[in-house]
Structures are given as structure tokens and as C-alpha cells.
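Structure first, commentary second.
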2 protein chains.
Amino acid sequence: MARAQRATSETYHHGDLRNALLAAAVELIAERGVAGLSLREAARRVGVSHAAPYRHFPDRAALLLAVADEGFGRLVEAARAAMDGIEDPSERLRAYGLEYIRFARRNPVHFRVMFSEELPKPDADTTDRAPFATVALELLFEAAGAAVRPGVDAEDRARAAVAAWSMTHGFATLVADGRLPDELVADERAADELARWVLLRLSL
Amino acid sequence: MARAQRATSETYHHGDLRNALLAAAVELIAERGVAGLSLREAARRVGVSHAAPYRHFPDRAALLLAVADEGFGRLVEAARAAMDGIEDPSERLRAYGLEYIRFARRNPVHFRVMFSEELPKPDADTTDRAPFATVALELLFEAAGAAVRPGVDAEDRARAAVAAWSMTHGFATLVADGRLPDELVADERAADELARWVLLRLSL
DNA sequence: GTACCTATGTTGACATCGACAACATCGATG
DNA sequence: CATCGATGTTGTCGATGTCAACATAGGTAC
């Protein structure tokens with residue numbers, strides 16, 4: 001928010017433009033949606049010229065990608081913390097799912113960007129610039145694979161992962177997009193409880 | 001596709017501009033994504049001037065809305081046909097889900113637009129211009145409500161609907177966005193089978 | 001300490017887009 | 001056959017993404 005400690009000479013050289021732009025982008029998207037994000041408006045809001053952002057992001061897509069990766073990073077962190085110490089594989093998977101949904105509820109902007117169509121498709125190059133997305137999904141597939149009864153073949157293990165992801169991602173999407181009745185997800189407690197209930201309908 | 005029967009005077013007055021624009025829009029979105037849809041490019045592709053689309057759609061959002069409603073219409077039609085004649089409520093719900101997912105696979109562009117963030121939020125006015133969206137969701141909630149064991153209270157019935165929607169919508173979203181490994185959903189048969197398997201993990 | 005050098009900002013320009021206004025054309029209706 | 005409304009066209013405006021050319025500040029090498 002507040003301009004970084006040492007804004008050089010109080011005018012030229014912002015000092016922390018990259019982060020300021022990220023924050024402004026999130027704010028803007030919250031107000032106008034992903035499509036409403038404009039580099040010029042973001043620049044305006046942090047008080048720099050319209051071309052300044054290009055010193056930090058090659059193009060608009062890169063800014064979106066940065067927001068997405070920030071989101072995936074936070075998700076991975078939260079999920080790891082939530083699963084930490086839990087032994088039972090089913091419980092671990094549920095803990096991940098719950099955190100995934102909680103994340104979507106608390107960071108709807110990030111979540112929407114993370115799965116936005118506007119995001120450049122991950123290729124070799126993009127993967128470098130957004131490492132966390134891969135990690136987050138690997139974590140999920142691991143947890144899901146471990147949660148199926150032992151002795152199940154690889155194919156069904158993959159299917160189980162898809163089922164778990166579908167359920168979790170579906171619910172999270174509905175929450176982040178505000179498609180569920182407000183009273184159902186108004187406060188954290190109610191939302192958590194509903195999420196838990198929904199995740200329990202999943203039998204792998 | 002082909003210009004309507006009587007393109008008046010072969011030049012002025014296209015004859016079926018509205019539909020031509022819809023088709024062009026879908027094509028464009030398939031190539032460049034929803035964000036890549038531009039009224040001017042659509043106009044160019046059907047061979048009219050850049051302002052012609054405004055005679056049929058008040059703005060860009062309206063064109064998107066029309067694509068979405070076309071999609072919801074087709075979905076409702078397909079879902080009704082699929083459920084027709086099936087008695088068992090659980091089977092009916094599964095039939096809907098399967099059709100929902102099949103629709104997403106076969107019409108990924110429509111599906112993405114239908115749930116795109118860019119779509120104007122449904123308010124009283126929009127509902128008039130896009131009646132099918134409501135119908136499609138009502139149909140789902142009915143089917144889900146009927147599928148839970150009798151004697152369950154209203155609250156759990158609503159929860160069940162959310163769970164069913166989450167699972168179905170989640171999987172459909174992953175498919176439409178191409179996030180699942182290609183070999184899993186390459187041909188219709190494999191995709192259907194996987195969808196069935198996934199939907200069977202749902203126990204209401 | 002001073003003279004560069006590089007990272008970071010700024011100004012100015014161009015093409016594209018959504019949107020509107022003013023004008024043109026066609027076909028149906030009297 | 002004259003008129004009128006629906007449908008297209010041209011011209012224009014402001015906003016945007018992106019690039020090129022220029023400016024500035026702060027650190028580094030001597």
C-alpha cells in the first residue's frame with residue numbers, strides 16, 4: 001500500500017513498483033473483473049506513467065501470470081500447513097480440499113485469475129515464470145492418489161484424482177464466482193461446514 | 001454459415017447478420033479465447049462494416065450473452081432428452097450430469113462463455129435476454145433434490161444440490177478448459193466412461 | 001570524488017477496439 | 001409510387017497495449 005520506504009527522490013523511481021502494481025492489479029480486478037484490468041489504470045493508481053509497468057512485466061498477460069503465481073504460492077503454503085501432521089491419507093486429502101476451498105473464498109480475485117481463460121497456457125517458458133501452479137496440482141494428485149484404498153490399479157488412482165479435483169475445484173469455483181446463495185457462505189464457519197459436508201460426499 | 005438465402009442485392013443488407021455474427025463469435029473465441037472476441041473482427045469476418053453489429057447487439061457483452069444463452073438452451077434441450085423416460089431419481093440426476101459434461105466437451109466455447117467472468121451478472125434485465133440460464137440451473141436443483149433419500153430435511157437437500165453441482169460443474173469445467181490429460185478425454189467413449197466413473201463417486 | 005552504466009521511469013506515437021452520431025439503402029406498407 | 005422503419009456504412013472519439021527514444025538516479029570502477 002504505502003509507497004516503499006525509500007521512494008527515491010520522492011518522485012522518480014518508485015522503489016517497489018512491481019509489488020505496487022501487483023496490488024493495484026488485484027484491486028482493479030476486484031472492482032472490474034479480470035477483463036477490466038488495464039496496465040494504464042494500474043499505472044495511474046500507483047502514480048507512475050503509462051509505460052512504467054513495462055519495466056517489470058513484458059505485457060499484460062505477464063502481470064496476470066504474476067498474480068496467478070502469487071495465488072498458487074499462497075495456496076501451496078496454506079495446503080501444506082493444513083496437511084502437516086495429519087497421517088491418514090483420506091484426512092490429508094480432505095484437509096487439502098478444505099484449504100483449497102477456503103483459499104477460493106478468501107482470495108476470490110487470485111483464484112479467478114489462477115484459472116482464468118486469459119492466462120497464457122502453460123508451456124515450457126511460462127512454467128519458468130510461474131512455478132507454483134505445477135506444484136499445487138502435483139500436491140493434489142499425490143494426496144488423491146494416496147487416499148484411494150491400497151491395491152487399486154494406477155488407472156483408477158488417476159480417476160480418483162480427477163474425481164477429487166473435480167469436486168474440490170467445482171465447489172471452489174462456485175464459491176469464488178459467487179454462484180452460491182450468500183447465506184450459505186456468508187461467514188467462514190458456515191462456509192467451512194458446508195465445504196466439509198460436500199467433500200464428505202466423495203467416496204473414493 | 002453460408003449467407004442466408006436472399007442476401008438482399010448481394011451487398012447491402014446481409015439477411016441473417018445476427019446469426020452470422022453469433023457463429024463468427026464462436027469461431028473467434030475458439031481461436032483467441034473470450035478475451036479475444038472483438039465486434040470489429042466478427043464484423044470483418046462476415047463481411048459487414050465495423051458498426052453493423054450494433055444493429056443486433058447493444059454492445060459486446062450482449063453478443064457474449066447471446067452466445068451463452070444459445071449454449072444454455074442447447075444444454076437444457078439435451079438434458080431433458082437424456083432424462084426423458086428415466087424414473088429413478090438418482091439415475092435422472094446422473095443422466096443430467098453426464099449430459100452436462102458431454103455438453104462441455106462438445107461445446108467448449110459455449111460452455112466457457114456460459115460461465116465466463118465477462119458475462120454481465122444476471123439481474124432482472126439480463127434474465128429477460130437470457131432465459132435459459134435460469135432454467136438449466138433449476139432443472140439441476142430439482143434433479144438433485146429429488147435424488148436424495150426421502151425424509152431428509154430441506155437444508156440437507158440444498159446441500160446435496162450444491163454437492164452434485166460442484167462435482168458435475170467441476171469436471172465439466174476441467175474438460176472444457178482442457179485441463180485433463182488428453183488421452184483421458186480424447187474420444188467420446190472414453191470421456192463418457194470417465195464421467196460416469198467420476199459421477200458414481202458422489203454419494204448423496 | 002568523478003565519470004560512466006544500468007535499472008527504472010517518462011513522453012510520444014501508432015494501431016486496434018468499443019461506442020456513438022449522421023447518413024445511405026432496401027423492402028414492406030399505405 | 002411515396003414514405004418509413006429496419007438494417008448497413010462512414011466518420012469520429014476516447015481508451016488501451018505496445019514500442020521507441022529519451023531522462024534520471026544510484027551504484028561501481030577508477
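Proteins come first, then strands; the chains are lettered A, B, ... in the order of their sequence lines, and each starts at number 1.
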ring-ring contact (aromatic ring centres under 6.0 Å, His included): pairs with one or both residues in residues 41-67 of chain B, sequence neighbours excluded: none
In chain order, what residues pass the salt bridge (Lys or Arg N to Asp or Glu O under 4.0 Å) check against A:Glu77, with sequence neighbours excluded? none
Would you mind reading off the distance between B:Arg18 atom CZ and D:dA6 atom P, rounded to a whole angstrom? 16 Å
Identify, with sequence neighbours excluded, every residue that meets salt bridge (Lys or Arg N to Asp or Glu O under 4.0 Å) alongside B:Arg55. none
Are any side-chain N or O atoms of A:Arg179 and backbone N or O atoms of A:Val175, one a donor and one an acceptor, separated by less than 3.5 Å? no
Mind checking ring-ring contact (aromatic ring centres under 6.0 Å, His included) for A:Phe72 and listing every partner two or more places apart, or none if nothing turns up? A:Phe115
Any residue meeting salt bridge (Lys or Arg N to Asp or Glu O under 4.0 Å) with B:Glu155, in chain and number order, not counting sequence neighbours: B:Arg159
At a heavy-atom distance below 4.0 Å, what parts of residues 31-43 of chain A sit against DNA chain D? A:Leu37, A:Ser38, A:Leu39, A:Arg40
Output the rounded distance in Å from CG (A:Leu17) to P (D:dA25). 16 Å
Could you list all the side-chain hydrogen bond (donor to acceptor under 3.5 Å, both in side chains) pairs where at least one residue sits in residues 124-146 of chain B, not counting sequence neighbours? B:Asp123-B:Thr126
For DNA chain D, the residues among residues 49-57 of chain B that have a non-hydrogen atom under 4.0 Å from it: B:Ser49, B:His50, B:Ala51, B:Ala52, B:Arg55, B:His56
A:Arg80: partners by salt bridge (Lys or Arg N to Asp or Glu O under 4.0 Å), with sequence neighbours left out: none
Do any pairs count as a ring-ring contact (aromatic ring centres under 6.0 Å, His included) and have a residue in residues 18-38 of chain B, sequence neighbours left out, and if so which ones? none
Phosphate OP1/OP2 of C:dC17: any B:Arg44 side-chain N/O under 4.0 Å: yes
For DNA chain C, which residues of residues 59-70 of chain B approach it to below 4.0 angstrom with any heavy atom? B:Asp59, B:Arg60
For B:Ala61, the side chain to side chain contact (heavy atoms under 4.5 Å, CB included) test, sequence neighbours excluded, returns B:Asp59, B:Pro120
How many Å lie between CG on A:Leu28 and P on D:dG17, as a whole number? 10 Å
